[in-house]
Each structure stands twice: as C-alpha cells, then as structure tokens.
Amino acid sequence: DIQMTQSPASLSASLGETVTIECLASEDIYSNLAWYQQKPGKSPQLLIYDASSLQDGVPSRFSGSESGTQYSLEINSLQSEDAATYFCQQHHDYPPTFGGGTKLELK
Amino acid sequence: QVQLKESGPGLVQPSETLSLTCTVSGFSLTSYNVHWVRQPPGKGLEWMGVMWSGGSTDYNSALKSRLSISRDTSKNQVFLKMNSLQSEDTTTYYCARGSYNNYFDYWGQGVMVTVSS
C-alpha cells in the first residue's frame, strides 16, 4: 500500500495568515492526490483533487501544488471557518490511502 | 442534488455482525462507484471497500475476510456487512461517492457504531 505521511499533525495560525500543509507519498502517485476538510462532527468535504484542481464551490484561497512525491495544500487569508482537520488521500492506486490529518486551529 | 445517507444500529455486541445501509439519491449506482470509509474517534480515515458501478467489489485486504458489500439498484442502496466485530471496530462509518478518478466527491453524514456488550 502507498503510505501518505502528512505534516504537521497540528498547527495554530491567526486570521489572515497563510498556512501550508504537506503530504509525502511513499512512491510516485502521478498527481493523483486529493485534499479534504473535516469539521468536528461532520463528514470530510472534498477541497482539491488531481493535486491542484479546485472542487466546485471551494474558495480560491485554497490551492494545491506538488513537487515530486511531496504535495502541499496552501490556505491563504485564513478565515475563522477554516478551523478544521485536513486530510490528504492518494487516488492513484488501490487501496486508497489517507494521511494522518492536520488539525488547524485559529488563534 | 447528490446525497448519501448511512443507516444502521448504533450498538453491536462483540463477535456479532454489523449491517449498514447507504441510501443514495441524485445519481445512479450503475454510473458511479460507492465506497465505505471508516474513522475511529479522533483518528484518521481508513478505506474499507468499494461497490463498483458495474456491480463488482474490492476490499481492503486487512478487512477482506470479514467484509461484504452488496447493493440493490432498484432501491438505490449499498449494503455493508462485517462480521466478528471487536472493540477496535468502534468507529464512524461513512459511505462516499467515488469520482471517475477514485477520489471521493460526496460523503454521507456518517453513522457511529459502538461495539460493546
């Protein structure tokens, strides 16, 4: 199975700041990487797929990028509603596997 | 609009079988795949298995011996059955629609299942 190592496990940032969350794949996943946002008590919501494609309805302050097997989610101009846990998922091979999650707290 | 909704018992006895139903609307089971994903409290996500649009299934190898996924297209429902439940199976179970490229574009609200006597 492809291992997804996500970092950091948690971070704290202020409104208006920019944060970056990273996922390292254990092998080449050819840009087949999705990002999800999960708020407490809710199901995950798709933010980005194919490493950098924004899901319909997702604010443009969310963006995804890649460098080799390292994938990044950047959130610009943090808003209060961005407080959540974020997960990456490789959708290149079966079984689909997820990163461990990053809990984003707003100061 | 696309919707998925899980239903099932909130409490299951150890060693018993879990039966969950995912009822979908807004899309056809013969056009889209439906996956099951679970999440222990406060932890990460684990893919369990998939009902492909063509009617075949695939399972996580770690769960394969205990897991069965089926469907009733006339009722727009996908079913999950998992036997020999233990405390580590206490988790929230989600069904999710699979996209053309195997990411999950819509999720159900989830159903919390506790394994306890």
Side-chain angles (χ1 to χ4, degrees), chain A residues 1-10 21 23-25 29-58 62 64 66 71 73 84-103 105, chain B residues 1-7 10 20 22-24 26-27 32-52 56-65 67 69 91-113:
Chain A
D1 298 359
I2 297 174
Q3 305 301 313
M4 303 301 297
T5 303
Q6 187 171 343
S7 60
S10 64
I21 298 168
C23 261
L24 179 66
I29 57 171
Y30 302 96
S31 304
N32 292 302
L33 192 283
W35 291 98
Y36 302 89
Q37 176 192 68
Q38 185 178 33
K39 296 184 178 180
K42 301 293 187 181
S43 57
Q45 300 295 307
L46 177 67
L47 297 174
I48 285 170
Y49 60 94
D50 294 347
S52 60
S53 296
L54 204 63
Q55 174 70 347
D56 290 345
V58 174
F62 291 89
E66 63 180 283
Y71 293 82
L73 171 69
T85 299
Y86 294 84
F87 293 95
C88 62
Q89 176 234 330
Q90 63 82 14
H91 54 91
H92 169 63
D93 196 13
Y94 271 79
T97 47
F98 295 86
T102 296
K103 186 173 183 179
E105 173 192 90
Chain B
Q1 68 277 29
V2 173
Q3 291 188 324
L4 302 94
K5 186 173 183 179
E6 307 87 350
S7 58
L20 298 176
C22 175
T23 303
V24 310
F27 68 97
Y32 286 88
N33 312 318
V34 172
H35 300 253
W36 288 93
V37 178
R38 68 178 183 174
Q39 184 176 35
K43 296 192 176 181
L45 297 156
E46 178 185 32
W47 179 79
M48 300 181 70
V50 57
M51 169 59 72
W52 297 106
S56 60
T57 54
D58 274 309
Y59 302 110
N60 186 320
S61 59
L63 302 171
K64 191 172 185 177
S65 64
L67 187 59
I69 298 174
T91 181
T92 296
Y93 291 81
Y94 296 100
C95 58
R97 191 179 82 164
S99 72
Y100 72 95
N101 199 16
N102 299 315
Y103 51 88
F104 310 120
D105 56 1
Y106 291 91
W107 296 66
Q109 65 191 19
V111 58
M112 176 67 193
V113 174

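Fair warning: this is a prediction, and the values are worked out from it, not measured in the lab. Chain A is the first sequence line, chain B the second, and so forth, proteins listed ahead of strands; every chain is numbered from 1.
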Subject >> Positions in residues 45-53 of chain A that reach chain B, provided some heavy atom is under 4.5 Å away >> reply: A:Leu46, A:Tyr49, A:Asp50
**OP:** Please work out whether the ring planes of A:His91 and B:Tyr103 are parallel, tilted or perpendicular, with thresholds of 30° and 60°.
**Re:** perpendicular
Original post:
Of the backbone (N, CA, C, O) and the side chain (C-beta and beyond), which part of B:Tyr94 lies under 4.5 Å from a heavy atom of chain A, both, or neither?
Top reply: side chain
Subject >> chain B contacts, top residue of A:Ala34, A:Pro96, A:Gly41, A:Gly101 (heavy-atom pairs, under 4.5 Å) >> reply: A:Pro96
**OP:** Sort out for me which of B:Phe104, B:Tyr59, B:Tyr106 touches chain A most, counting heavy-atom pairs under 4.5 Å.
**Re:** B:Phe104
**OP:** Show your reasoning for whether side chain to side chain contact (heavy atoms under 4.5 Å, CB included) applies to A:Tyr36 and B:Leu45.
**Re:** CA-CA 11 Å; A:Tyr36 302 89; B:Leu45 297 156; 5.6 Å; no
**OP:** Among the options A:His92, A:Gln38, A:Lys103, A:Lys42, pick out the one with the most heavy-atom pairs lying under 4.5 Å from chain B.
**Re:** A:Gln38
Original post:
Do A:Phe87 and B:Trp107 have their ring centres less than 6.0 Å from each other?
Top reply: no
Subject >> Between A:Pro95, A:Pro44, A:Pro40, A:Gly100, the one whose heavy-atom pairs under 4.5 Å with chain B are most numerous >> reply: A:Pro44
Original post:
How far does CG of B:Asn102 sit from CG of A:Asn32, to the nearest 0.5 angstrom?
Top reply: 8.5 Å
